[in-house]
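See structure below.
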There are 4 protein chains.
Amino acid sequence: MQKITILIHCKDRPNIIASVTNFVAEKQGNIVYIDQHVDREQNIFFMRLESEFIHDGFTADGFREAFKSTLATTFGMKWRIYSSARKPKMALFVSKYDHCLYDLLGRYNSGELNLEIPFIISNHLDLKPIADSFKIPFHHIPVTKDTKEAAEKTQLELLENAKIDFIVLARYMQIISEKLITKYPNKIINIHHSFLPAFVGAKPYHSAFKRGVKIIGATSHYVTEELDAGPIIDQGVTQVTHSHSIEDLIAKGRDLEKIVLANAIKLHTNRKVMVYNNKTVIFS
Amino acid sequence: MQKITILIHCKDRPNIIASVTNFVAEKQGNIVYIDQHVDREQNIFFMRLESEFIHDGFTADGFREAFKSTLATTFGMKWRIYSSARKPKMALFVSKYDHCLYDLLGRYNSGELNLEIPFIISNHLDLKPIADSFKIPFHHIPVTKDTKEAAEKTQLELLENAKIDFIVLARYMQIISEKLITKYPNKIINIHHSFLPAFVGAKPYHSAFKRGVKIIGATSHYVTEELDAGPIIDQGVTQVTHSHSIEDLIAKGRDLEKIVLANAIKLHTNRKVMVYNNKTVIFS
Amino acid sequence: MQKITILIHCKDRPNIIASVTNFVAEKQGNIVYIDQHVDREQNIFFMRLESEFIHDGFTADGFREAFKSTLATTFGMKWRIYSSARKPKMALFVSKYDHCLYDLLGRYNSGELNLEIPFIISNHLDLKPIADSFKIPFHHIPVTKDTKEAAEKTQLELLENAKIDFIVLARYMQIISEKLITKYPNKIINIHHSFLPAFVGAKPYHSAFKRGVKIIGATSHYVTEELDAGPIIDQGVTQVTHSHSIEDLIAKGRDLEKIVLANAIKLHTNRKVMVYNNKTVIFS
Amino acid sequence: MQKITILIHCKDRPNIIASVTNFVAEKQGNIVYIDQHVDREQNIFFMRLESEFIHDGFTADGFREAFKSTLATTFGMKWRIYSSARKPKMALFVSKYDHCLYDLLGRYNSGELNLEIPFIISNHLDLKPIADSFKIPFHHIPVTKDTKEAAEKTQLELLENAKIDFIVLARYMQIISEKLITKYPNKIINIHHSFLPAFVGAKPYHSAFKRGVKIIGATSHYVTEELDAGPIIDQGVTQVTHSHSIEDLIAKGRDLEKIVLANAIKLHTNRKVMVYNNKTVIFS
C-alpha cells in the first residue's frame with residue numbers, strides 16, 4: 001500500500017473539489033483525508049488530500065505525470081505530490097543555545113519525528129558534545145565577515161551532497177544569505193523568540209521586558225529575505241508579570257521556543273503547510 | 001442563491017467522498033466547504049459539506065429527496081441537510097444567575113448570533129427585568145416537587161407552539177426530565193461550571209477550591225439522561241492560584257461560562273457539530 | 001472597622017518593609033495583605049499593603065498625615081493611601097461598538113464591579129438605548145474637527161462636576177487630547193484590539209489578518225500621549241487559523257476585549273496597579 | 001553574603017507580619033522578598049520571606065535557633081528555614097518513557113536547574129543509554145511482586161546514603177509504597193498525565209479520548225498514599241479536537257508533562273511551595 005499527499009492551490013472556481021476527488025477515484029485511490037480552504041480576499045483555492053493506493057501498478061511518479069497533464073493544466077494549479085515512502089531530510093543549524101537542540105534530538109531519538117537528520121552545522125564548537133552523545137555528525141563551519149562567503153559555499157555543498165530537503169535554524173545566530181534562501185524557498189524554518197510581529201530583530205526578551213508586556217511568545221516561520229517577516233507557521237505564548245526579570249523571560253521563553261519549533265517541524269514534514277502571499281495555510 | 005449544509009455519518013468505506021462530491025456536482029452545486037473525519041476506532045466516517053446552488057429550479061426539499069433515495073441508501077448514511085434560508089429558534093432557560101443571560105442577549109442584540117429567541121423560560125422571577133429591557137417574552141414557570149410535571153407540560157407546549165429548534169440552559173438550576181431530553185435529543189445545550197469530567201454535579205467551584213486545582217474550567221455539552229455526562233461541545237480554562245477564594249473562582253468562572261456557552265451555541269447553529277457515541281465531531 | 005490600602009514606591013534600600021510594617025503595627029493596624037517588588041534594573045522598591053483598623057479614633061486622613069510626615073519623608077516615597085469607605089467613580093466613553101458596553105453594564109448591574117458609573121459619554125447616539133435600558137445617564141457630545149475643543153470642555157466639566165476618579169474608553173473612537181490625559185494621569189484606561197506592541201493604531205485585526213498571525217490579542221493600558229504606547233495593565237490572546245476571515249478575527253476579538261477591559265477595571269479599582277517608567281506593577 | 005528563605009504557617013492572628021519583619025531587622029537582615037497568604041476558610045496564615053545577611057558572624061543555624069526559641073514558639077509556627085548555600089539533591093525515578101528524562105537532563109546540563117542529581121533509579125534498563133550519555137549514575141532495580149520489598153530496601157539505602165532531599169517520578173510506572181512516602185513527606189513529586197482530578201489512575205489519555213474532552217492536561221503533585229490525590233503543584237493544558245487519535249493525545253501530552261514537571265521541580269527547589277490540608281500555597 002502506498003499513501004500520497006496532494007497539495008494544491010489555484011484560482012478559485014466551481015467544481016475543483018469534485019474534479020479532484022473524481023480523478024483520484026478513477027486512479028483507484030481511496031481518499032482518507034480531504035481539507036480545503038478558500039482565501040476569499042484573494043480568490044485562491046487551497047486543498048490537501050491524502051489517498052491510499054493498493055493496486056500493484058501504482059507509482060507516485062505515474063500519478064504525478066497523469067495529474068500534471070490533466071487536472072493541473074485544466075485548473076492552472078500549483079501543486080506538490082508527496083509519497084509516504086520517502087522521509088524528509090533535515091539539516092540542523094545551531095550556534096550556542098542548547099535547549100532546542102536537546103529537545104529536537106530527544107524527540108528524534110524517541111522516534112517522535114518523521115524525518116532524518118544527516119548532520120548538524122554550527123558556527124561554534126560549543127554544542128559538539130551534544131551532537132556526539134546523540135551520534136549525529138557535526139560540521140563546524142565558523143562564520144566571520146571575511147569567511148562568510150566561503151562558509152556558505154561549504155554549507156551548500158554539504159546540503160546538496162546529502163540531498164537535504166529542509167533546514168531548521170534552532171537558534172542559529174547568523175543571518176542566512178539570499179543565496180541559501182533562494183535555493184530553499186519556504187524550506188528554511190526559523191524560531192524567533194518573540195510573538196511576531198512584535199519585537200522583530202535582536203534581543204526581543206529585552207524589548208518585551210522594557211515594554212512591560214504581560215504575555216511573551218515565540219514564533220516559528222519560514223525564512224525570507226526580510227528579517228523575521230516570513231510566513232508564520234506556529235506561535236505560542238505564556239503569561240508573565242512585573243516580577244519576572246529579563247532572565248526569567250528568557251527561561252520561560254525557552255520552553256515556548258522548543259515546543260513552537262517542534263510543532264513547525266512536524267507540520268512541515270507531515271506536508272500540512274502551504275504558503276501563499278507570505279502567509280501559511282495549515283491543514284492540521 | 002441558496003446554500004445548504006450537509007452532515008453525514010456512516011460506516012467508513014472507499015469512495016464516499018468522491019460519490020458525495022460527484023452527486024453535488026451533478027445537481028449543479030458548487031462546493032464551498034468540505035471537511036471529513038474518520039473515527040478509526042469505531043470505523044465511522046463523518047463529513048460536512050457546504051454547497052451553493054444558483055439555478056432556478058433548486059429546492060432544499062428536492063435535494064433532500066434525491067439524496068435520501070440514492071446516496072443515503074447506498075452508503076447507509078445518517079444525514080441532515082440544512083438550508084441557510086431558515087434561522088434556528090432557540091429557547092433560553094434561566095434561573096437566578098444573570099451573567100450568561102446578559103452576555104447572550106447582548107450578543108443577540110448586536111446581531112452576532114444567527115438565531116431567533118422567541119422567549120425565555122425561568123423558574124424564578126429575578127431575571128424578568130433583564131428580559132423586559134431586551135424586549136424578549138419571559139415565561140415564569142415555577143418548579144416545585146409537586147408542580148414539576150405540570151410545569152414541564154407547560155414548557156413543552158410553549159416549545160412546540162413556537163417550533164423551537166433547540167434549548168439553551170443558561171445556568172438553569174433544575175434537572176431536565178427524560179421526556180424533554182427525548183424530545184430534543186442533542187438539542188439541549190447546558191453550561192456546566194467545571195472542566196468536565198472533573199467535578200460533576202453541584203458546587204463544582206467549591207470542589208475545585210477544596211482539591212486545590214491550579215486551573216478551573218467550564219464545559220458546554222448536550223444534555224443526556226446521565227447528569228453532566230453528555231457529549232462535550234466546548235471547554236475553556238483559566239489559571240487560578242491559592243490566593244483565590246471560592247468567590248474569586250466563581251467570578252473568574254463566570255467569564256469562562258459566558259464564552260464557552262456562546263461558542264457552543266454558535267457551533268450548533270452553524271451546523272458544525274455532529275454527535276456520535278456520546279462524543280462530538282466539531283467541524284470548525 | 002476600616003480597611004486602607006497603601007501603595008508605595010521609592011528608591012530601594014534596606015529596612016523599608018520592617019519600617020512600614022512597624023509603623024502600621026504602632027497605629028494598631030492589622031496587616032491582612034502585603035506584597036512587594038523590586039525592579040533591580042532601576043533599583044526601585046514597590047509595596048502594597050492592606051491593613052484593618054478597629055479602634056474608634058482611627059481616620060484615614062489622620063493616618064495619611066502621620067504617614068506623610070514620617071515614613072514618606074524618611075524614605076522619599078511616592079505613595080497613595082485609599083480607604084475602602086469610598087467607591088471609585090468611573091466615566092464610560094463609548095462610540096458605536098456595543099460589546100464592551102453591554103459587558104460592563106451587565107457586570108455593573110450584577111454587583112461584580114466595585115465602582116459607580118455616574119454617566120456615559122458618547123460622540124454618537126447609537127448606544128443611547130442601551131444606556132437607557134440600564135438607566136445610566138447618557139451624554140451625547142459629538143466631536144468634529146471644529147467642535148473638538150468645545151466638546152472637550154464639556155467633557156471636562158462633566159467629569160469635574162461628578163468628581164470622576166477614572167475614565168474608561170470602551171472602544172471610544174476618538175483620540176484623547178493632551179489636556180485630558182494630563183488631568184487624569186494613569187487614570188484613563190483604554191482597550192486596544194491587538195496584542196500590543198504588535199499592530200499599533202487603526203484596524204489591527206486587518207493587519208493581523210494580513211500578517212497571517214496564529215494568535216490574536218487584546219491589550220488594556222493607561223492612555224498616554226503616545227498612541228497605544230501607555231503602560232500595559234492586562235493582555236489576553238486566543239488562537240486563530242488561516243480559516244478565519246477578518247470578520248472572524250473581529251468577532252473572536254470582541255470576547256478578548258470584553259474580558260481584558262473588565263480585568264483592567266477590576267485591577268484599577270481594587271488598587272492593585274502601580275505605574276512606573278511606563279510599565280505597571282500588578283499586585284494581584 | 002548569605003541568603004535565607006523562611007517558610008512559615010500558623011494560626012492567623014494580628015501582628016505576625018510586623019513581628020517577623022522586626023525579628024529579621026534586629027538580626028541585621030535585609031528583606032528582599034516577602035509574600036503572605038491567609039486561608040480564610042481554615043484561618044491559617046502563610047508567609048515566605050527571603051533575607052540577605054552580610055555581617056560576618058551570621059550563620060543559618062544560629063538564626064534557626066533564635067527563630068525557634070522566640071517567634072516560632074510565640075506564634076506556634078510550623079516553619080522551615082533554608083540557606084542558599086546548599087543545593088537540594090534530587091533522585092530521579094524512571095521506567096521506559098524517555099521524554100521527561102531527556103527534558104530534565106537537558107535542562108540540568110544547561111544549568112537551568114538549581115539542584116544536583118546524584119543518580120537515576122529505574123526498574124528497567126531501557127533508559128540506561130540516556131543516563132550514560134549524560135554521565136549520570138544509573139541504578140537498575142527491577143521490581144516484581146516478589147522483589148518489591150527488597151527493591152524498596154535497596155532504593156532507600158541509595159537515597160539515604162546520598163542524602164537525597166527529594167524524589168522525582170519522571171513517568172516511573174510503579175506504585176510508591178507507604179514506607180517511602182512516610183520517609184519523604186511532600187518530597188516525592190509525580191507527573192500525572194491528566195488534568196486531575198479528572199482521569200485518576202492508569203491510561204488517562206485513553207479515558208480522555210473516550211470522554212471526548214476538548215482540552216487535555218498534565219498535573220504535577222506530591223505523592224501521598226491515596227493514588228493521584230496528593231497536593232497539586234502545577235497543571236498545564238492544551239486544546240485537542242475530535243481529529244486527534246489516542247496516539248495524538250499521548251504525543252501532545254508529552255509536551256505538557258515535560259513542562260509541568262519541570263515547573264514543579266523549579267518551584268520545589270526554589271522553596272516556593274508550602275503544603276497544608278492537602279493543597280499547596282505557591283509563592284511565585
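First the proteins, then the strands, lettered A, B, ... as listed; each starts at 1. Owing to the predicted nature of the structure, the values given are computational and were not obtained by experimental measurement.
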Measure the spacing between NZ of B:K258 and NZ of C:K258 and express it to the nearest 0.5 Å.
-> 6.5 Å
One should read off an interatomic distance between B:I259 CD1 and C:T238 OG1, to the nearest 0.5 angstrom, of 8.0 Å
Going from CG on B:L105 to OG on C:S133, what distance comes out if it is rounded to the nearest 0.5 angstrom?
-> 10.5 Å
Please report the closest heavy-atom contact between B:S243 and C:S284, naming both atoms and the distance.
-> OG-O, 4.4 Å
Heavy-atom count around B:K3 NZ within 6.0 Å, excluding the residue itself: above 12?
-> no
Which one of C:N109, C:N263, C:T241 has the most heavy-atom pairs closer than 4.5 Å to chain B?
-> C:N109
Heavy-atom contact with chain C under 4.5 Å, split by part of B:Y97 | neither
Contacting moiety of B:D255, where chain C heavy atoms sit under 4.5 Å | both
Value rounded to 0.5 Å, distance of NE2 in B:H99 from CZ in C:R107 = 10.0 Å
Heavy-atom count around C:K187 NZ within 6.0 Å, excluding the residue itself: above 12?
-> no
Taking everything shown except C:K210 itself, do over 12 heavy atoms lie less than 6.0 Å from its NZ?
-> no
If you draw a 6.0 Å radius around NZ in C:K266, do more than 12 non-hydrogen atoms from other residues or ligands fall strictly inside?
-> yes
From OH (C:Y102) to CG (B:D103), nearest 0.5 Å = 11.5 Å
So does B:K252 have more than 12 non-hydrogen atoms from other groups sitting under 6.0 Å from NZ?
-> yes
